[in-house]
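Computed from a predicted model, the values in this text were never measured in an experiment.
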Amino acid sequence: MLLNKTLTINYLTDILATEQLDVIKNKINTFKENIQDQKKNKNGFLNVLESDDKIDVNDEYLENELQQILETKTIDRTKYYIQRLLKSLSLEKTNDINDLNLHRWKEYTDIITDSLWLLDKRDSSGVHNAGYWGNFIPQIPNQMLRRYTKKGDWVLDTFLGSGTTLIECRRLGRNGIGIELQQN
C-alpha cells in the first residue's frame, strides 16, 4: 500500500497530542477506514502523486499495527504503539549486517526465526535442482543471505556443489563466487 507520507505522519502526530483514549481510538478507526476503502479516503492518505513523498507499507503489517493500537487499555500504551508506528513509517533503521529495516521487523513474515533445518519442503520457485549429492534446500541460503548480507555484497561459497547459494545470491541481488572440487 502506498500512503501519502506527509498527511499520514501529520495525522498520527496530531493524535499523540490528544489525551482522551476514546478520542484517540476514534481517530485511529477513521484512519483505518480511510486506508481500507478508496471511496472513504476523505483525508487523502491514499492520494499519492509521483512527486509526493510516499510510504510503501505492507497492508497486513499496517492493519495489525492499527488493530494493536485499538486493543490497548491505557493511554500510555496506546501512545507508545502510535509512536512506534510513526517511527516505522517515517524512519528507516538498518545495520551493518543486512538491509532489513529494524523499525519494521514485524513486516518480514517470511524470515524464519526458528531452526532452518526444520523446513518441511523444498522451495521449487527457482532454477534449483536437487540432483547433486549434499545439496540443501534453497531456503537455507536464502534466509542466511537475507539476515547477514546486503544487496551488492560479495558472497564466497567454498562448497559450491550445484550452485544453490549462488542462485540465491542472484535472486537477492548479491554477488557470488564459488569453488568446487568435484566436476559436475
Side-chain angles (χ1 to χ4, degrees), residues 1-114 116 123 125-126 139 141-153 168-175:
M1 166 185 311
L2 283 178
L3 297 173
N4 183 302
K5 185 173 185 174
T6 304
L7 292 175
T8 302
I9 300 302
N10 288 343
Y11 186 82
L12 292 173
T13 302
D14 289 345
I15 291 175
L16 287 173
T18 306
E19 292 302 324
Q20 295 86 17
L21 188 57
D22 58 330
V23 174
I24 291 174
K25 289 188 179 188
N26 284 336
K27 290 181 178 185
I28 291 293
N29 257 328
T30 300
F31 177 71
K32 189 175 175 182
E33 289 171 2
N34 271 251
I35 62 172
Q36 287 176 334
D37 186 352
Q38 184 71 38
K39 293 176 185 170
K40 292 182 180 178
N41 184 30
K42 297 173 188 161
N43 295 58
F45 300 116
L46 300 174
N47 299 343
V48 179
L49 302 173
E50 192 63 39
S51 60
D52 287 339
D53 205 7
K54 51 192 157 277
I55 304 168
D56 188 4
V57 63
N58 176 287
D59 298 15
E60 186 178 346
Y61 164 76
L62 185 56
E63 172 78 25
N64 290 340
E65 292 299 295
L66 294 173
Q67 192 58 42
Q68 185 175 37
I69 292 167
L70 292 170
E71 292 173 1
T72 58
K73 305 287 186 221
T74 66
I75 191 88
D76 290 338
R77 180 56 52 180
T78 305
K79 287 187 175 190
Y80 168 79
Y81 287 141
I82 293 170
Q83 288 170 337
R84 188 176 72 183
L85 176 60
L86 267 166
K87 192 184 287 188
S88 77
L89 297 176
S90 60
L91 299 172
E92 186 170 325
K93 179 182 179 186
T94 58
N95 59 35
D96 294 337
I97 297 173
N98 57 43
D99 294 323
L100 304 176
N101 182 349
L102 301 176
H103 285 311
R104 288 165 82 170
W105 60 271
K106 288 184 180 181
E107 209 168 16
Y108 301 104
T109 57
D110 59 330
I111 294 185
I112 301 166
T113 56
D114 204 353
L116 296 177
D123 174 18
S125 64
Q139 294 98 311
N142 179 290
Q143 292 288 314
M144 299 303 283
L145 292 168
R146 291 188 60 211
R147 291 181 194 179
Y148 302 111
T149 67
K150 294 182 175 195
K151 288 183 179 170
D153 279 357
E168 288 304 306
C169 281
R170 174 170 244 163
R171 288 175 72 185
L172 296 172
R174 276 66 169 171
N175 300 301

Peer 1: Does D153 use its side chain to pair, donor to acceptor, with the backbone of K150 at less than 3.5 Å?
Peer 2: yes
Peer 1: Surrounding NZ of K93 (heavy atoms of other residues, nucleotides or ligands, distance under 6.0 Å), is the total greater than 12?
Peer 2: no
Peer 1: Tell me whether D14 is salt-bridged to K27, with the criterion being a basic N under 4.0 Å from an acidic carboxylate O.
Peer 2: no
Peer 1: I'd like to know if the side chain of T8 reaches the main chain of K5, judged simply by a donor and an acceptor atom lying under 3.5 Å from each other, with no hydrogens or angles considered.
Peer 2: no
Peer 1: Apply side chain to side chain contact (heavy atoms under 4.5 Å, CB included) to N58 and L62, showing your working.
Peer 2: CA-CA 6 Å; N58 176 287; L62 185 56; over 6 Å; no
Peer 1: Looking at D99 and T94, would you say the former's side chain and the latter's main chain have a donor-acceptor pair under 3.5 Å?
Peer 2: no
Peer 1: Measure the spacing between CG of L66 and NZ of K25 and express it to the nearest 0.5 Å.
Peer 2: 12.5 Å
Peer 1: Write down the atom of T74, the atom of L21, and the distance for their closest heavy-atom approach.
Peer 2: O-CD1, 4.0 Å
Peer 1: Hey, are Y61 and S88 close enough side-chain-wise for a donor-acceptor pair under 3.5 Å?
Peer 2: yes
Peer 1: If you measure from NZ on K151 to CZ on R146, what distance do you get to the nearest 0.5 Å?
Peer 2: 9.5 Å
Peer 1: Between the side chain of N4 and the main-chain N/O of L46, is any donor-acceptor distance below 3.5 Å?
Peer 2: no
Peer 1: Mind listing the closest non-hydrogen atom pair of N142 and E168 along with its distance?
Peer 2: ND2-OE1, 2.8 Å
Peer 1: Apply side chain to side chain contact (heavy atoms under 4.5 Å, CB included) to the pair I82 and I24, showing each step before the final yes or no.
Peer 2: CA-CA 10 Å; I82 293 170; I24 291 174; 3.7 Å; yes
Peer 1: Side chains of L70 and T78: does their closest heavy-atom pair fall under 4.5 Å?
Peer 2: no
Peer 1: Decide, yes or no, whether a salt bridge links E65 with K32 under the criterion of side-chain N to carboxylate O below 4.0 Å.
Peer 2: no
Peer 1: The criterion is side-chain contact (heavy atoms from CB on, under 4.5 Å); which residues satisfy it with D56, sequence neighbours excluded?
Peer 2: L2
Peer 1: Identify the two heavy atoms, one from I9 and one from S90, that lie closest to each other, and give their separation to 0.1 Å.
Peer 2: CD1-CB, 3.8 Å
Peer 1: Can you give me the closest heavy-atom contact between V57 and R104, atom names plus distance?
Peer 2: CA-NH2, 2.9 Å
Peer 1: Using a 3.5 Å distance criterion without hydrogens, assess whether the side chain of N95 forms a donor-acceptor pair with backbone atoms of N98.
Peer 2: yes
Peer 1: Using modelled atom types only, decide if a donor and an acceptor are shared between the side chain of Q143 and the backbone of D110 within a distance under 3.5 Å.
Peer 2: yes
Peer 1: Quick one: list whatever passes side-chain hydrogen bond (donor to acceptor under 3.5 Å, both in side chains) with R77, sequence neighbours left out.
Peer 2: none
Peer 1: Return the minimal non-hydrogen interatomic distance between I75 and T18, and the atom names on each side.
Peer 2: CD1-O, 4.3 Å
Peer 1: Please check if the number of heavy atoms outside E60 that lie under 6.0 Å from its CD is greater than 12.
Peer 2: no
Peer 1: Can you tell me how far CZ of F45 sits from OH of Y11, rounded to the nearest 0.5 angstrom?
Peer 2: 5.5 Å
Peer 1: Can you find a heavy atom in the side chain of T72 that is under 4.5 Å from one in the side chain of Y80?
Peer 2: no
Peer 1: As a test of understanding, state which of I69, L7, L86 forms a side-chain contact (heavy atoms from CB on, under 4.5 Å) with L12.
Peer 2: L86
Peer 1: Would you check, one step at a time, whether the test side chain to side chain contact (heavy atoms under 4.5 Å, CB included) holds for C169 with N175?
Peer 2: CA-CA 6 Å; C169 281; N175 300 301; over 6 Å; no
Peer 1: Check whether K54 reaches the backbone of L3 with its side chain - one donor and one acceptor, N or O, closer than 3.5 Å.
Peer 2: no
Peer 1: Where is the tightest heavy-atom contact between Y108 and N101, given as atom of each residue plus distance?
Peer 2: OH-N, 2.8 Å
Peer 1: Can a side-chain donor-acceptor contact be found between Q68 and K106 if the only test is distance below 3.5 angstrom?
Peer 2: yes
Peer 1: Keeping R174 on the side-chain end and L172 on the backbone end, is there a donor-acceptor pair under 3.5 Å?
Peer 2: yes
Peer 1: What's the verdict on side chain to side chain contact (heavy atoms under 4.5 Å, CB included) for I35 and M1, showing C-alpha distance, side-chain angles and the deciding distance?
Peer 2: CA-CA 9 Å; I35 62 172; M1 166 185 311; 4.1 Å; yes
